[in-house]
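Here is the structure we will look at, set down as structure tokens.
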There are 2 protein chains.
Amino acid sequence: MQSDSLESGTPGTSPTPPSRREKNKAATRQAITDAALALLRSKGAGNFTVEDIADSAGISRRTFFNYFGSTDAALASMTYGFLDSALQQFRRRPSREPILESARAALLELADPMTVAPLAELFTLIQQNPQLSRSELEAWDHCTEQIITAARERFAAAPGAVIDELYLRALAGSVISCGKAAMDVWFARGGADMSPASLSVLRQLLIDAIGHLGSGFDGHALSESTPLEDRH
Amino acid sequence: MQSDSLESGTPGTSPTPPSRREKNKAATRQAITDAALALLRSKGAGNFTVEDIADSAGISRRTFFNYFGSTDAALASMTYGFLDSALQQFRRRPSREPILESARAALLELADPMTVAPLAELFTLIQQNPQLSRSELEAWDHCTEQIITAARERFAAAPGAVIDELYLRALAGSVISCGKAAMDVWFARGGADMSPASLSVLRQLLIDAIGHLGSGFDGHALSESTPLEDRH
DNA sequence: GTGCAAAATTGCACATAGTGTAAGAAAATG
DNA sequence: CATTTTCTTACACTATGTGCAATTTTGCAC
């Protein structure tokens, strides 16, 4: 679909230039997720089958299952990619940086237009259908595990130190929970609004959530009167 | 199985004495979960069918589906009950108590022998099988939503105050994450050890996790040397 | 291009999941 | 006992997910 320069896609970024096979697979994968999202949009959750997706993507039912284990998994793959961008950002942060600061920077990646755009509609469609949300939960959980691993590796850089697994897991889970909370609130407010103003709101929500986490949630649940931004 | 005193089970606790129908349904439900757990233990995850469970529980396959939507759901129902005990404890706390203190008290309920015992083995069996964990995640997520609702009701008691949804959701998610982290670490260490010493460890893990949360995770990931309790 | 090996797609068969429906069994009601 | 309500069951049917072998496509050497 895009400009298919033969083999040198972006030399230097990846050690393995994408072969034709890999590009075909990526295209098929994309066709599947596109078809699944289109069907979710047009027919609603639970009102289409794997065969529908396969037909729409121009492949056989069997091939669909070579790529994804279920309809949910196909849709959740978008969320995986979405969260993976935050994880990569986390890994990119310097090791000596306070970990909550790294988490804040990583979560802000979720407010990137290119990152959140493919997810926005999916989220709105999913939040109305609890059935679909199972695989989504799995995606968030998977990201939590990845954060735990990344954080463990970071702390392991300090030689001879004993890593507190409880601290790691509680922290990673809380960070992800804050990201999820910010996304939920954002979607609940304005839906999938991709305008710069809306994305700015999302960024602020992510920052505020991490702020609450960093301050130990010391009682800001109520605000007697909200002088600024009481449009809610 | 147990002593079936006719109708007066525990007068005063429930306004509706359990009729014969309700007791039969409860017994069937229990038989299903028992059978599912037994099969999980003996055959391993993914190596038995709904029909196996139904046969083992002495019911038809169709009746199984009248009670649970899937094998996973049957097993996850135990986790639902487990987490529900913590939720009830949270609701029982006084409204003016600091919310993290309420959370701490609620999570400590998870270390109650009567509460955690039915879950212990399930957790160990589940952690080895990522397939089963989807419904478990759903159970934790469901509990998070319940906590959000309970906390919202608590704060709504203050008249005229505007509730910060982000604070609520981030807090509830983090609290649950801390509970989950403590459980994970506990199981990873000693498995399903129900001894008083082990349960004491679990209690301390839960307290420490909430402690981390309350102090904003201000850097206790490493400990240069652990003078006490370095048996890990 | 030709030929060959590796890999992907596909069709087919099959076991299992999950659901609608109607008949039958059990329990509550009078 | 008769009736009504609720639960269980059998049956039929669609859909999911997987193993397997045939077929097609791609990569690579010549």
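Chain identifiers are assigned alphabetically (A, B, ...) following the order of the sequence lines, protein sequences preceding nucleic acid strands; residue numbering begins at 1 within each chain.
For the residue pair A/Gln89/A/Arg92, the side-chain donor-acceptor check at 3.5 Å is satisfied.
Distance B/Phe64 CZ to D/dC7 P: 18 Å, rounded to the nearest Å. B/Phe48 has its CZ atom 14 Å from the C1' atom of C/dA17, to the nearest Å. Rounding to whole angstrom units, CG of residue B/Asn47 and P of C/dA17 are separated by 12 Å. If you measure from atom NZ of B/Lys25 to atom P of D/dT9, you get 13 Å, rounded to the nearest angstrom. Across the protein-nucleic acid pair, B/Arg29 atom CZ and D/dT8 atom P stand 12 Å apart, rounded to whole Å. Across the protein-nucleic acid pair, A/Asp72 atom CG and D/dG17 atom C1' stand 13 Å apart, rounded to whole Å. Separating the CZ atom of B/Phe68 from the P atom of C/dT16 is a distance of 21 Å, rounded to the nearest angstrom.
Checked for salt-bridge contact, A/Glu51 and A/Arg61 miss the test: no charged N lies under 4.0 Å from a carboxylate O. Ionic pairing of A/Arg29 and A/Glu22 is not present here: no N-O contact between side-chain nitrogen and carboxylate oxygen is shorter than 4.0 angstrom. Between B/Arg189 and A/Glu165 there is no salt bridge, since no side-chain nitrogen of the basic residue lies less than 4.0 Å from a carboxylate oxygen of the acidic one.
Near DNA chain D, meaning a heavy atom under 4.0 Å away, the residues from residues 49-61 of chain A are A/Thr49, A/Val50, A/Arg61.
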Open item on the list: Within the 4.0 Å limit for protein heavy atoms, which parts of nucleotides 19-30 of chain D are touched? Write it as a string from 5' to 3', B for base, S for sugar-phosphate only, - for none.
Closed with: BB----BBS---

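Counting only heavy atoms from C-beta on, B/Thr71 has its side chain closest to C/dA17 among D/dT8, C/dA8, C/dA17.
In terms of modelled atom types and a separation under 3.5 Å, the side chain of B/Tyr167 and the main chain of A/Phe217 share a donor-acceptor contact.
Looking at residues two or more places apart in sequence or on another chain, you find no ring-ring contact (aromatic ring centres under 6.0 Å, His included) involving A/Phe68. A/Arg104 meets the side chain to side chain donor-acceptor pair (under 3.5 Å) test with A/Glu101; sequence neighbours excluded. In this view, B/Asp55 satisfies the side chain to side chain donor-acceptor pair (under 3.5 Å) rule with no residue, not counting sequence neighbours.
Along DNA chain C, the nucleotide nearest to B/Ser70 and the one nearest to A/Asn66 differ in position, and the one closer to the 5' end is contacted by A/Asn66.
Note on B/Tyr67: a side-chain N or O is less than 4.0 Å away from OP1 or OP2 of D/dT8.
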Please output the side-chain donor-acceptor pairs of residues 74-81 of chain A that fall under 3.5 Å, not counting sequence neighbours, one pair per line with the distance.
unit_1, atom_1, unit_2, atom_2, d
A/Ser77, OG, A/Ala74, O, 2.7
A/Thr79, OG1, A/Glu136, OE1, 2.3
A/Thr79, OG1, A/Glu136, OE2, 3.3

